[in-house]
Amino acid sequence: MADIAEPAQAQQAARPARRGRGANGRLFYRHERLRGYGLLMPALLFMAAGILIPFGILVTMSFWTQTGFDIDTSFTLDNYAKAFEQPVYQTLILRSLYMSGAATVATVLLCYPIAYFVAFHVHRGKMLWLILLTLPFWTSYLLRVFAWKTVLGYNGVINSALMSVGLIDQPLEFLLYSQSAVIITLAHAWAPFAILPIYVSLEKIDRSLLEAATDLGDGPWRRFLRVTLPLSAPGIIAATLLIFIPTVGDYITPALLGGPDGVMIGNMIQMQFGRINDWPMGATLAIIMMICVAIVALTVIVGTSRLKARAS
Amino acid sequence: MKGDSYIDRSSRTLTLYAVLFLIVLYLPILFLPLFSFNDSIYIAFPLQGFTTAWYAQMWENPQMWAALGNSVKVGMATAVISTALGVFAAKAITRYRLPGQGPLVGFMMLPLVVPLIILGVAILILMSRLGVPLSLYTVTLGHLLICTPFAIATLIPRFEGLDPSLEEASADLGENIWWTFWRVTFPVVYPGIIASLLLTFTISFDEFIVAFFLAGTEQTLPIYIWNQLRFPRELPKVLALASVILLVSFVVVFLSLWLTNRGNRTLVQPGKDQ
Amino acid sequence: MTQDAYIRIENVTKRFGSFTALGDVSMDIREGEFFSLLGASGCGKTTLLRLLAGFESPTEGEIYLDGDPISGVPPNHRPVNMVFQSYAIFPHLDVRDNIAYGLRKRKLPKARRDEMVDEMLHLIKLPDYGDRRANQLSGGQRQRVALARALILRPKVLLLDEPLGALDKNLREQMQLELRQIQRTVGITFVFVTHDQEEALTLSDRMAVMARGKPLQIDTPEALYERPANREVAEFIGSMNFFEGRVTQADGQGVDLDVAALGRIAAPDGAGGLSPGQRVALAIRPEKIALSDTRPERGHAVRGRIQNAAYLGERSHYYVQLDGIEAPVAVSANNSAPVRHVPEAGEVWLSWPDEAMRVLAE
């Protein structure tokens, strides 16, 4: 007995530095910690400076106003008032939340079976499958979106193919410059971000749990609903957030594929910094967008943990 | 074999779905090279015949070459700096248990989940308030913020596979920290370093959203492409360029992912006679 | 202490935060001996080894090697090498390069270096494995490479951190023999950490039994087994029956005890210094007790009832219940002795000679 238990414990003993951290800091730890922080510092300082300072100035600017080519730096909430009064901003924000929400749900639903397939049904060449599935993500986002434009375009692949085989006489106009075009493209472009976390959470599931469920009388579907799905929930949540958060602010896809109905808040923010040249308003919209995203993300996280708490 | 067990036995429906999924995943992208050889300025079926003219025209475009050069410069600087930062950070994260480490690392990973447009405009505002003119340097700065978390995330598994007693063994056998790093740490983690260099370079090379806000008069390649998209006449040349970029990206990323996976595997499964 | 201390550990205390890993430890290790540190995990044995290697430095106290204090010397400047528990074979180098790793600073001509590596490969009986990588070696082979890598530097002391822990039983026994053989061949002082008492008994010239950051007893394996200094050592090494009792009379040579289940009994005072009224434990090893159907003529004897018997091949173990104490007495009988009839259950006599008893202060 003791012989079996020993190696694991002995390894702990081999690193006594990790043990007995209690009350006040002690010399040895401080030493060891200092070295650790020293190594972490360059990246940490850079990231801290690169995140906190720009965000600070972004927040600050949202309280300023644009007067012609100058910026009036006196504090005001005018921009926020404008953002709530003018329906165009609300429409854009709600539409952005809806569109990336739809894209997120579609992506997760479509990708779950693939992640499941790779986790449970691929035995050789798992790595190859994973690489194949995530490879497109690493290539230019711009080009992938552009590719969809060639597919969905007025004279694009689908329309011209359908016309040349004589199924339609006129190009289908709803394909391009619509919300669904944007949603399809987003779902396609972000698929790898859904596959990976779901795959990881499925792969972690102890196979004997599934065998136990079967042994206790569950068929494949019940087993999936009662064991596999709940245990892969963390992966689903991660996938949801990883796709929803960045897509809300996307402006490439709506610009190339959205048309007037598909414009999102990202396009408006971009215009504020470009053609409209009202930077403080752009900063305000960026912050409102972030707050909305944070609220949705928190709702998802809190909601699922409530569900989990109720289940157990 | 695992494949014979009740749980893992294969399902035809799922396999079919997976194959379809792969096709849909790649098909839209594959239209780019297909139409880049099509002898027509319209991207439409039926195909009008094979030509390499678009490639030739693209090849002779000095603006494209300038943009490419800029992208390579930015990409290399980003790759080297973010990987260097990542090496130290990954070593610190895996080797030491630091108080507050979790939140600090989480904070550094923020750019992975913040909409990039926000990062772009925030840095743009900062630069303009500081009076720093937009240039390739500001683009590089933005790309470093995006790429450093990726570098850290790529390097951490590699450093986790580095048994701390290897470095102790080296010290025990007489080497100081620098020689230990050079003779043990670096050779063991170097596939991770290469993978990180390749990935961060690719991300920077392809990045558009942030670069769009931060580039001055010198364009990077994605910005050049974006500008070309407005002119329908230029589209076939863009297709040619896009095909080349896609091909190179695929090869580079495939290599680096393969390297990461293979490298980690040799560390994780020791002790097998071959 | 003695003149021949090669490593002298003087009042060494090592604290990690509020945790005291070693508390005021003093210990001498002699030149050329095979010295083991034996104890359960967390007893401080590994910490002591890491202090000797230089990966930790003492909070208080000093360590001398061959007369020189070494606490301030970093590990890469100590003439001390270590075989790691995980072996720490460099995965990116082949066996030859692993073994030659520490020779870089010696700036030897290549021919001389190759010759030294060959010698080592021979010593560890892996002459044809020079170009293998770590992941092409079995656990036992890695262990040998780790040994060669450390020995090639001719350290003054070789430290071994549970090097056999990861090997299976048969291989472990084979490696024990080889390790002992190699130590005799090279004549280097070995300090060996283990939690396996059998291993320590087999290998060591001397050993320290440690608990709670302190050595309980430092002696030869035989002395530790036959004459444990206290109950904890007696419990840790081998198995032991303890009978609680009280000293009624003591004269320096022997003591009279009043022991539950045994009654009044006279025993030698091994450790000395016992005084009347003191609570003690009378310790008797299971293999020193004989079983018989009738009361033997000589020695101490007591009657009991067999509760349980286990046949283990060369030996059999019996658990015998005595009147007046709860725990059964363990008896280990050698089955190769002339066959005797021992009932599977029922009444038996237990007997033992004077010298089998060891009186330990509580």
Side-chain angles (χ1 to χ4, degrees), chain A residues 18 32-33 36-37 39-40 42-44 46-47 50-51 53-55 57-58 61 113-114 117 120-121 123 127 131-132 135-136 138-144 146-148 150-151 153 155-157 160-161 164 191 207 210-211 214 242 245-246 248-249 251-252 266 269 273 279 282-283 286 290, chain B residues 2-3 6-8 10-11 14-15 17-18 21-22 25 28-29 31-32 35 42-46 85-86 88-89 91-92 96-98 104 108 110 113 115-118 121-126 129 145 148 152 202 206 208-209 213 222 225-226 229 242 245-246 249-250 253-254 257-258 261:
Chain A
R18 303 244 164 115
E32 180 100 318
R33 275 181 198 169
Y37 282 125
L39 282 170
L40 194 60
L44 187 61
F46 175 73
M47 293 308 285
I51 294 172
I53 300 173
F55 277 70
I57 191 97
L58 180 74
M61 181 167 264
I114 288 297
F117 171 76
F120 289 102
H121 295 300
H123 305 297
M127 182 187 102
I131 291 180
L132 276 179
L135 194 51
W138 297 105
T139 65
S140 167
Y141 185 57
L142 182 62
L143 290 181
R144 275 177 292 151
F146 173 59
W148 274 101
T150 66
V151 172
N155 286 315
V157 173
S160 60
S164 63
R207 297 303 188 267
L210 305 182
E211 289 175 348
T214 311
L242 278 175
I245 295 172
V248 172
Y251 65 87
I252 298 181
I269 295 172
F273 285 92
W279 287 24
M290 276 218 309
Chain B
K2 203 178 162 194
Y6 177 79
I7 305 289
D8 293 343
S10 64
S11 142
L14 262 183
T15 314
Y17 180 77
F21 189 98
L22 269 189
L25 194 63
I29 306 167
F31 281 123
L32 298 178
F35 283 102
Y42 299 109
I43 303 170
F45 284 113
L85 291 173
F88 291 119
K91 165 108 187 173
Y96 302 94
R97 238 181 237 181
L98 305 169
L104 288 180
M108 289 199 286
L110 263 185
V113 290
L116 287 182
I117 187 174
I118 300 213
V121 300
I123 302 172
L124 170 66
I125 295 172
L126 179 65
R129 296 311 289 179
L145 286 172
T148 305
I152 295 174
T202 316
D206 287 337
F208 171 75
I209 297 180
F213 287 104
I225 293 173
W226 174 264
L229 291 181
I245 296 174
L246 282 176
S249 296
F250 273 123
V253 175
F254 188 88
L257 289 179
W258 185 72
N261 282 293

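Side chains are part of it too, since the values below use all heavy atoms of this structure and drop only hydrogens, waters and symmetry mates. Proteins come first, then strands; the chains are lettered A, B, ... in the order of their sequence lines, and each starts at number 1.
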So which of B:Ala122, B:Ala242, B:Pro222 has the largest heavy-atom pair count under 4.5 angstrom toward chain A?
B:Ala122
I need the minimum non-hydrogen distance between A:Gly36 and B:Leu98, along with the two atoms involved.
C-CD1, 3.8 Å
So for A:Ala161, is it side chain, backbone, both, or neither that comes closer than 4.5 Å to the heavy atoms of chain B?
both
Could you tell me if the side chain of A:Phe146 sits less than 4.5 Å from the side chain of B:Leu32, heavy atoms only?
yes
Option in A:Pro113, A:Ala286, A:Gly282, A:Ala191 with maximal non-hydrogen atom pairs under 4.5 Å from chain B
A:Pro113
Check whether B:Ile209 gets within reach of chain A through its side chain, its backbone, both or neither, counting any heavy atom under 4.5 Å.
both
Taking the side chain as every heavy atom from C-beta outward, state whether B:Ile118 and A:Phe55 have any pair of such atoms under 4.5 Å apart.
yes
Is there a side-chain contact between A:Leu40 and B:Tyr96 (heavy atoms, below 4.5 Å)?
no
Pick one of side chain, backbone, both or neither for A:Phe273, based on which atoms fall under 4.5 Å of a heavy atom in chain B.
side chain
If you define the side chain from C-beta out and look only at heavy atoms, does anything of A:Leu132 sit under 4.5 Å from B:Leu25?
no
Are the side chains of A:Ile245 and B:Pro115 in touch, meaning some heavy atoms are under 4.5 Å apart?
yes
Among A:Val151, A:Leu135, A:Leu142, A:Leu143, the residue with the most heavy-atom pairs under 4.5 Å to chain B is A:Leu135
For B:Leu124, is it the side chain, the backbone, both, or neither that has a heavy atom closer than 4.5 Å to a heavy atom of chain A?
both
How about A:Phe120 and B:Leu14: do any of their side-chain heavy atoms sit closer than 4.5 Å?
no
Give, as side chain, backbone, both or neither, the part of B:Tyr17 having an atom under 4.5 angstrom from any heavy atom of chain A.
both
Output the option from A:Ser140, A:Gly266, A:Gly249 having the highest count of non-hydrogen pairs under 4.5 Å with chain B.
A:Ser140
Assert top hit (heavy-atom pairs under 4.5 Å, partner chain A, pool B:Thr202, B:Ile225, B:Thr148, B:Leu22) equals B:Leu22
Any donor-acceptor pair under 3.5 Å linking the side chain of A:Arg144 with the backbone of A:Pro136?
yes
Flag if over 12 foreign heavy atoms under 6.0 Å of CZ, B:Phe88
no
Max heavy-atom pair count under 4.5 Å with chain A, selected residue of B:Gly86, B:Ser249, B:Pro28
B:Pro28
Looking only at A:Val248, A:Leu242, A:Ile57, A:Ile269, most heavy-atom pairs under 4.5 Å shared with chain B are made by A:Ile57
Taking every heavy-atom pair that is under 4.5 Å apart, which of A:Ile53, A:Val157, A:Ile252 has the most such pairs with chain B?
A:Val157
Residue part contacting chain A, namely of B:Leu116, when any heavy atom lies under 4.5 Å
neither
Please examine the side chains of B:Asp206 and A:Tyr141, heavy atoms only from C-beta on, and report whether any two atoms are closer than 4.5 Å.
no
Shorter than 4.5 Å, heavy atoms on both sides: which option in B:Ile117, B:Leu110, B:Ile123 has the most such pairs with chain A?
B:Ile117
